[in-house]
Amino acid sequence: MSESHNTDPSFRHVLATSPMDFWRLWYVGLVVSTVRWLETVVMGIVVYQQTGSALIVAMITMLRLVPMGLFGAFLGAFAERFDRRLTLAGMVSLMAVTSAVLAVVAFMGSLEVWHLAVASFINGCGWATDNPIRRVMMGEVMGRDRMATAMALDVGAGNVSRMVGPAVGGLLLASVGIEGAFVLSVVLYASAVAATLLVRSHIPSSEGAGAVLARTWEGVALIFSDRRLGAIMAVTVIYNVFAWPFTSMIPVIGTDRLLLGPEGVGLLTSVDGVGAFTGALLLALCLTPGWHARAYVGGVAAYLVGLIGFALAPTPLLAGAALLVTGLSGAAFSTLQATLVYLAAPVHMRSRILGVLSVCIGTGPIGFVWLGWLADLIGAPGATAITGVMGLLALAATWPLWRRI
């Protein structure tokens, strides 16, 4: 499919002219993200109730990121060989089956922590396909001129899920148990598979796509030779090592420091989603290309400050205010991360470069392991605050690199 040459990227125009295939792919992203947040919260609460270990909670969340680091670059090259629509449908179906198995095991009263660990890894494999498959499909459907606004809409959907998923997960866990949460996951995944199969746009496989390893290395080599792409990836690594892992501590801090039950933890987590949705909407309405780099890097800095505030907050109200900040700033980072990479990458290499981006996102397990270990050692609030400060220092130290974005 050829690039769009429409030069009006305004929010209103994108809404009015977006094809149905874009909205179908948008819906798939909304569902997958909602289930991810729903299951992250309920798994985190249940694992902490069973083990009392912040490290194990962090490890369960981390396992959703491991496949990105292991397979992300290969998935980008691999996706060029096949029909992306069927590949995406297959991955969402795999996640649905995983949640269905967990629901059955939970109904039988046999659910253990290792079941949740295996499921997190399998579902992480599905999540790892989002950038090189679904978002590339969205870009091809919309065209580069409308990519930033389209990505803001996509991130907005993800942020709606951050409001809805944790709240629903906490309420289901408190009312009907974890099995109810998994049943809802299966129903949502089934609707996403149906939406994927209704996509009509065809993105042909690339010529010579069979040499997966060679094409993977070609994408990695471009990152090292292109200063702008390299800088974008460096900021992504800082965010995923020092910033994103704090989300695994929300159930721990909410339970221990703020003395909240499952409903309270779920609602508190959803505040981050409220801020993120608001931020994505503002970006869709107001962001211009000249501010892309500043919003991207500034979003990471503000996010780190917000998570430090959350870690030190003495009351649920102040903790919620800090999560509102992380949501607003995280929206800027999330919207522009894939957008900047998509626009900077050569057209014929977008899947591969976005696959390398998934690898950078997959560095998150380093941060999850570090944060979980430190939280078990000195407590979750102190560990989270220290990690946030380390992230700010890392961002400052790499200024000569990211100022080129």
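Numbering of residues begins at 1 and proceeds along the displayed sequence.
Smallest separation of non-hydrogen atoms from D376 and S53: OD2-OG, 3.1 Å. Across A89 and T196, no two heavy atoms sit closer than the pair N-CG2, 3.6 Å. The nearest pair of heavy atoms linking L88 to M137 is CD2-SD, 4.4 Å. Across all their heavy atoms, V57 and S248 have their closest contact at CG1-O, 3.5 Å. Pairing each heavy atom of L188 with each of S191, the nearest pair is O-OG, 2.6 Å. Closest approach of A157 to L30, counting heavy atoms only: O-CD1, 3.1 Å.
With hydrogens and angles disregarded, no donor-acceptor distance shorter than 3.5 Å links the side chain of R84 to the backbone of R134. Under the 3.5 Å distance criterion, the side-chain polar atoms of S33 are left unmatched by any main-chain donor or acceptor of G29. Within the 3.5 Å criterion, the main-chain N or O of A96 finds no donor-acceptor partner in the side chain of S99. A distance-only check finds a donor-acceptor pair linking the side chain of W26 to the backbone of L153 [under 3.5 Å]. Here the side chain of Y296 pairs a donor or acceptor atom with the backbone of I232 at under 3.5 angstrom. One N or O on the side chain of R257 and one on the backbone of A313 form a donor-acceptor pair closer than 3.5 Å.
With respect to M233, the side-chain contact (heavy atoms from CB on, under 4.5 Å) criterion is satisfied by exactly one of I238, I361, L357: L357. The ring pair (Phe, Tyr, Trp, His ring centres under 6.0 Å) test with Y303 is passed by exactly one of W244, F246, F310: F246.
Here the side chains of T40 and R64 are in contact, with some heavy-atom distance below 4.5 Å. Using a 4.5 Å heavy-atom threshold, the side chains of P19 and M142 count as touching. Looking at V41 and P251, their side chains never come closer than 4.5 Å, going by heavy atoms from C-beta outward.
Within the model, atoms CE of M43 and CG of L63 stand 10.0 Å from one another, a figure rounded to the nearest 0.5 Å. Between atom CG of residue L268 and atom CD1 of residue I253 there is a gap of 9.5 Å, rounded to the nearest 0.5 Å. Taking CH2 from W114 and CD1 from I60, the interatomic distance works out to 12.0 Å, rounded to the nearest 0.5 Å. To the nearest 0.5 Å, atom CH2 of residue W37 and atom OG1 of residue T269 are 7.0 Å apart. Taking OH from Y27 and CZ from F22, the interatomic distance works out to 15.0 Å, rounded to the nearest 0.5 Å. Atom CG of residue L111 and atom CG of residue L116 lie 4.5 Å apart, to the nearest 0.5 angstrom.
When ring centroids are compared, F107 and F182 stay outside the 6.0 Å threshold.
Side chain to side chain, N240 and T363 fail the donor-acceptor criterion of an N or O pair below 3.5 Å.
Listed by first and then second residue, the salt bridge (Lys or Arg N to Asp or Glu O under 4.0 Å) pairs involving residues 226-238 amount to none (not counting sequence neighbours). Listed by first then second residue, pairs satisfying side chain to side chain donor-acceptor pair (under 3.5 Å) with a partner in residues 176-186 read E39-S185, not counting sequence neighbours.
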Passes side chain to side chain contact (heavy atoms under 4.5 Å, CB included), V141 versus W23? Steps please.
-> CA-CA 10 Å; V141 167; W23 293 112; over 6 Å; no
Side chain to side chain contact (heavy atoms under 4.5 Å, CB included) evaluation trace for L184 with V168 = CA-CA 10 Å; L184 178 59; V168 172; 3.7 Å; yes
What's the verdict on side chain to side chain contact (heavy atoms under 4.5 Å, CB included) for V325 and V305, showing C-alpha distance, side-chain angles and the deciding distance?
-> CA-CA 8 Å; V325 172; V305 171; 5.9 Å; no
Are T255 and V265 close enough, and set up right, to give a side chain to side chain contact (heavy atoms under 4.5 Å, CB included), and what steps lead you there?
-> CA-CA 7 Å; T255 300; V265 172; 4.0 Å; yes
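Classification of the Y239-F333 ring pair by plane angle, with boundaries at 30° and 60°, yields parallel.
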Quick one: side chains of residues 386-396, donor-acceptor pairs under 3.5 Å with protein atoms, not counting sequence neighbours, listed by atom name and distance.
{"unit_1": "T387", "atom_1": "OG1", "unit_2": "W370", "atom_2": "NE1", "d": "3.0"}
{"unit_1": "T387", "atom_1": "OG1", "unit_2": "A383", "atom_2": "O", "d": "2.8"}

